[in-house]
S.K.: 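One structure coming up, written as structure tokens, with questions to follow.
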Amino acid sequence: MRLAAIDIGSNAGRLLINDVVMAPGGKVDFIKMALVRVPLRLGFDVFETGRISQMRADMMLKTIESYKLLMEVYEVSHLRAAATSAMRDAANANEVLGRIEERTGIRIEVISGGEEARFVYENHIAENLNNLESYLYIDVGGGSTELTFFSRGQLVFKESFNIGTIRILKDQVDKSAWESMRSYIKEQTKGHPHVTCIGSGGNINKIFSLSKRKEGKPLQLEQLRNYYKEFSSMTLRQRMQLYKLREDRADVIVPALLIYINVMRWADAEDIFVPKIGLADGLIHSLYDDITKNEQARWL
């Protein structure tokens, strides 16, 4: 079975195509066939003007048209498409998405922050970890940060905060927003066992890659602090040249590090695992679960 997910974030749009195969022992493997990322940067419009400009709307349409052609070539059987923070805030979101559906036949669902957190959890990473400890998923995007917290194998909370990399760059995050997140994390994690973080998003994946850490080994909070100090002391061009970063990564990586550092500090966590998962992965896992349930229902 070949499945696809489209994730329209505040900074970029992604198409992920996976082969889903049954491995020995009944385990389901999700094998990545293709991942395409386009820097749509919708948040730069929305978080300043409240709308998506005609230029970015046209770019988004062309991106979805391209994704549709790729899915045809890869013979994708099922698709789930979702948009997040920028589209939640855009006054003309319905107009833009309606035009895309009319031209391509692809319906993109605008999901809530809570749904976004749930889809990230659909990767089920914590299920393979120690049930006696606590795990905090941190998914940092351009417009929001989604947090999902497990302790002793049980879901404690999932929450979305309008603190994202592009919002910070646009000076759209005030002190009260940070204080609200800090208070919530401290209150909700208080009294739970040692907290380990699980990071998702393009920025933490890039930091992990730069760190040269082995797969499965965590990054430490101190390492993130060191990267933050180093990147903050550089100009955008210096970050691009020294670390071979694209411009649309070099500008957001600094506020992303700030978010990860603050969340980890407030949760009293020292380590963060980076399993290279994201919303698109969760959308595919969720899509597979729905297909499987529907098939089982037909046999009942």
Side-chain angles (χ1 to χ4, degrees), residues 7-14 37-53 55-57 59-60 82-93 96-97 108 110-117 119-120 136-148 158-185 197 199-207 224 227-228 231-232 236 239 245-267 272 278-280:
D7 161 21
I8 302 298
S10 301
N11 193 39
R14 295 173 182 81
R37 178 186 183 278
V38 177
L40 297 172
R41 318 218 85 179
L42 302 178
F44 278 88
D45 284 351
V46 177
F47 303 144
E48 270 197 328
T49 69
R51 299 177 60 84
I52 296 168
S53 66
M55 181 270 287
R56 292 199 197 274
M59 185 189 306
M60 188 174 167
T84 57
S85 185
M87 296 303 287
R88 288 196 290 266
D89 287 8
N92 60 337
V96 171
L97 295 179
I108 301 171
V110 180
I111 60 175
S112 69
E115 289 173 311
E116 191 175 350
F119 281 125
V120 173
L136 178 61
Y137 284 80
I138 311 171
D139 183 59
V140 174
S144 63
T145 294
E146 276 61 51
L147 303 178
T148 308
K158 56 183 179 181
E159 191 63 48
S160 178
F161 296 88
N162 279 341
I163 297 176
T165 58
I166 295 177
R167 286 190 198 269
I168 292 173
L169 288 177
K170 291 294 182 182
D171 200 24
Q172 298 290 319
V173 179
D174 59 24
K175 186 178 179 181
S176 65
W178 285 111
E179 180 57 33
S180 176
M181 179 191 268
R182 186 191 73 84
S183 300
Y184 188 90
I185 293 169
C197 293
S200 62
N203 291 294
I204 197 68
N205 286 335
K206 175 55 68 174
I207 292 296
L224 299 191
Y227 275 115
Y228 179 74
F231 288 157
S232 298
L236 177 65
R239 278 178 237 144
L245 300 176
R246 299 184 309 270
E247 183 173 0
D248 63 288
R249 177 68 65 211
D251 58 356
V252 295
I253 201 165
V254 174
L257 279 164
L258 180 62
I259 296 171
Y260 284 110
I261 289 166
N262 280 337
V263 172
M264 290 180 70
R265 282 196 309 115
W266 297 332
I272 182 167
L279 175 59

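Keep in mind that what you see is a predicted model, and the values were worked out from it rather than measured. Here, residue 1 is the first one in the sequence, and each next residue gets the next number.
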S.K.: Under the rule for side-chain hydrogen bond (donor to acceptor under 3.5 Å, both in side chains), what residues qualify as partners of S85, not counting sequence neighbours?
M.R.: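 Listed in chain order: R167.
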
S.K.: Would you name the heavy atoms of L136 and A267 that are closest together and state the gap between them?
M.R.: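 Looking at all heavy atoms of both residues, the closest pair is CD2-CB, 3.8 Å.
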
S.K.: Report yes if some heavy atom in the side chain of I261 is under 4.5 Å from a heavy atom in the side chain of M264; otherwise report no.
M.R.: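 They are not in side-chain contact.
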
S.K.: Which heavy atom of D139 sits nearest a heavy atom of S200, and at what distance?
M.R.: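 Closest approach of D139 to S200, heavy atoms only: OD1-OG, 2.6 Å.
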
S.K.: Would you name the heavy atoms of A86 and L42 that are closest together and state the gap between them?
M.R.: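 Shortest heavy-atom contact: CB-CB, 4.0 Å.
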
S.K.: Taking only residues two or more places apart in sequence, or in another chain, which ones meet E48 in a salt bridge (charged side-chain N to carboxylate O under 4.0 Å, His left out)?
M.R.: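 Only K170 meet the salt bridge (charged side-chain N to carboxylate O under 4.0 Å, His left out) criterion with E48.
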
S.K.: Can you list everything that forms a side chain to side chain contact (heavy atoms under 4.5 Å, CB included) with D171? Sequence neighbours excluded, please.
M.R.: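 For D171 there are no side chain to side chain contact (heavy atoms under 4.5 Å, CB included) partners, ignoring immediate neighbours.
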
S.K.: Using the test ring pair (Phe, Tyr, Trp, His ring centres under 6.0 Å), find all partners of F161 that sit at least two apart in sequence or belong to another chain.
M.R.: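 Y184.
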
S.K.: Considering non-hydrogen atoms only, spot the tightest contact between S144 and R88 and give its length.
M.R.: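 Minimum heavy-atom separation between S144 and R88: OG-NH2, 3.2 Å.
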
S.K.: Looking only at heavy atoms, which two atoms of G114 and K158 are closest? And how far apart?
M.R.: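 Minimum heavy-atom contact is O-CD, 4.1 Å.
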
S.K.: Between I108 and M60, is the side chain to side chain contact (heavy atoms under 4.5 Å, CB included) condition met? List the steps.
M.R.: CA-CA 12 Å; I108 301 171; M60 188 174 167; 4.1 Å; yes

S.K.: Taking salt bridge (charged side-chain N to carboxylate O under 4.0 Å, His left out) as the test, write out the residues that go with D248, two or more places apart.
M.R.: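 For D248, the residues satisfying salt bridge (charged side-chain N to carboxylate O under 4.0 Å, His left out) (neighbours in sequence not counted) are R37, R246.
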
S.K.: side-chain hydrogen bond (donor to acceptor under 3.5 Å, both in side chains) with E115: which residues, sequence neighbours excluded?
M.R.: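 Residues passing side-chain hydrogen bond (donor to acceptor under 3.5 Å, both in side chains) with E115: S112.
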
S.K.: Can you list everything that forms a side chain to side chain contact (heavy atoms under 4.5 Å, CB included) with N205? Sequence neighbours excluded, please.
M.R.: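 Scan of N205 (side chain to side chain contact (heavy atoms under 4.5 Å, CB included), adjacent residues dropped) gives V274, K276.
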
S.K.: Give me the atom names and distance for the closest heavy-atom approach of I163 to T145.
M.R.: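 Residues I163 and T145, closest heavy atoms: O-OG1, 2.7 Å.
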
S.K.: Please identify each residue that fulfils side-chain hydrogen bond (donor to acceptor under 3.5 Å, both in side chains) with T49, with sequence neighbours left out.
M.R.: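 Partners of T49 by the side-chain hydrogen bond (donor to acceptor under 3.5 Å, both in side chains) criterion come out as none, since no residue qualifies.
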
S.K.: By side-chain hydrogen bond (donor to acceptor under 3.5 Å, both in side chains), which residues pair with D7, not counting sequence neighbours?
M.R.: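 By the side-chain hydrogen bond (donor to acceptor under 3.5 Å, both in side chains) rule, D7 matches no residue at all.
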
S.K.: Which pairs with one or both residues in residues 176-185 pass salt bridge (Lys or Arg N to Asp or Glu O under 4.0 Å), sequence neighbours excluded?
M.R.: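 Those involving residues 176-185 are E179-R182.
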
S.K.: Taking T165 for the side chain and A256 for the main chain, is one N or O donor matched with an acceptor at less than 3.5 Å?
M.R.: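 A pair under 3.5 Å: no.
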
S.K.: Which residues pass the salt bridge (charged side-chain N to carboxylate O under 4.0 Å, His left out) test with R56, sequence neighbours left out?
M.R.: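 Once residues adjacent in sequence are excluded, the partners of R56 under the salt bridge (charged side-chain N to carboxylate O under 4.0 Å, His left out) criterion are D45.
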
S.K.: Any heavy-atom pair between the side chains of I111 and M87 that's under 4.5 Å?
M.R.: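 When only atoms from C-beta onward are counted, I111 and M87 do not touch, as no gap falls below 4.5 Å.
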
S.K.: Yes or no on side chain to side chain contact (heavy atoms under 4.5 Å, CB included) for T84 and I8, after CA distance, side-chain angles and deciding distance?
M.R.: CA-CA 6 Å; T84 57; I8 302 298; over 6 Å; no

S.K.: With sequence neighbours left out, write down each residue that passes side chain to side chain contact (heavy atoms under 4.5 Å, CB included) with L169, or none if nothing qualifies.
M.R.: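 Once residues adjacent in sequence are excluded, the partners of L169 under the side chain to side chain contact (heavy atoms under 4.5 Å, CB included) criterion are F44, D251, V252, P255.
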
S.K.: Whether the T148 and E146 side chains hold a donor-acceptor pair (N or O, under 3.5 Å, no angle test) is what I'd like checked.
M.R.: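 The answer is no; no qualifying pair exists.
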
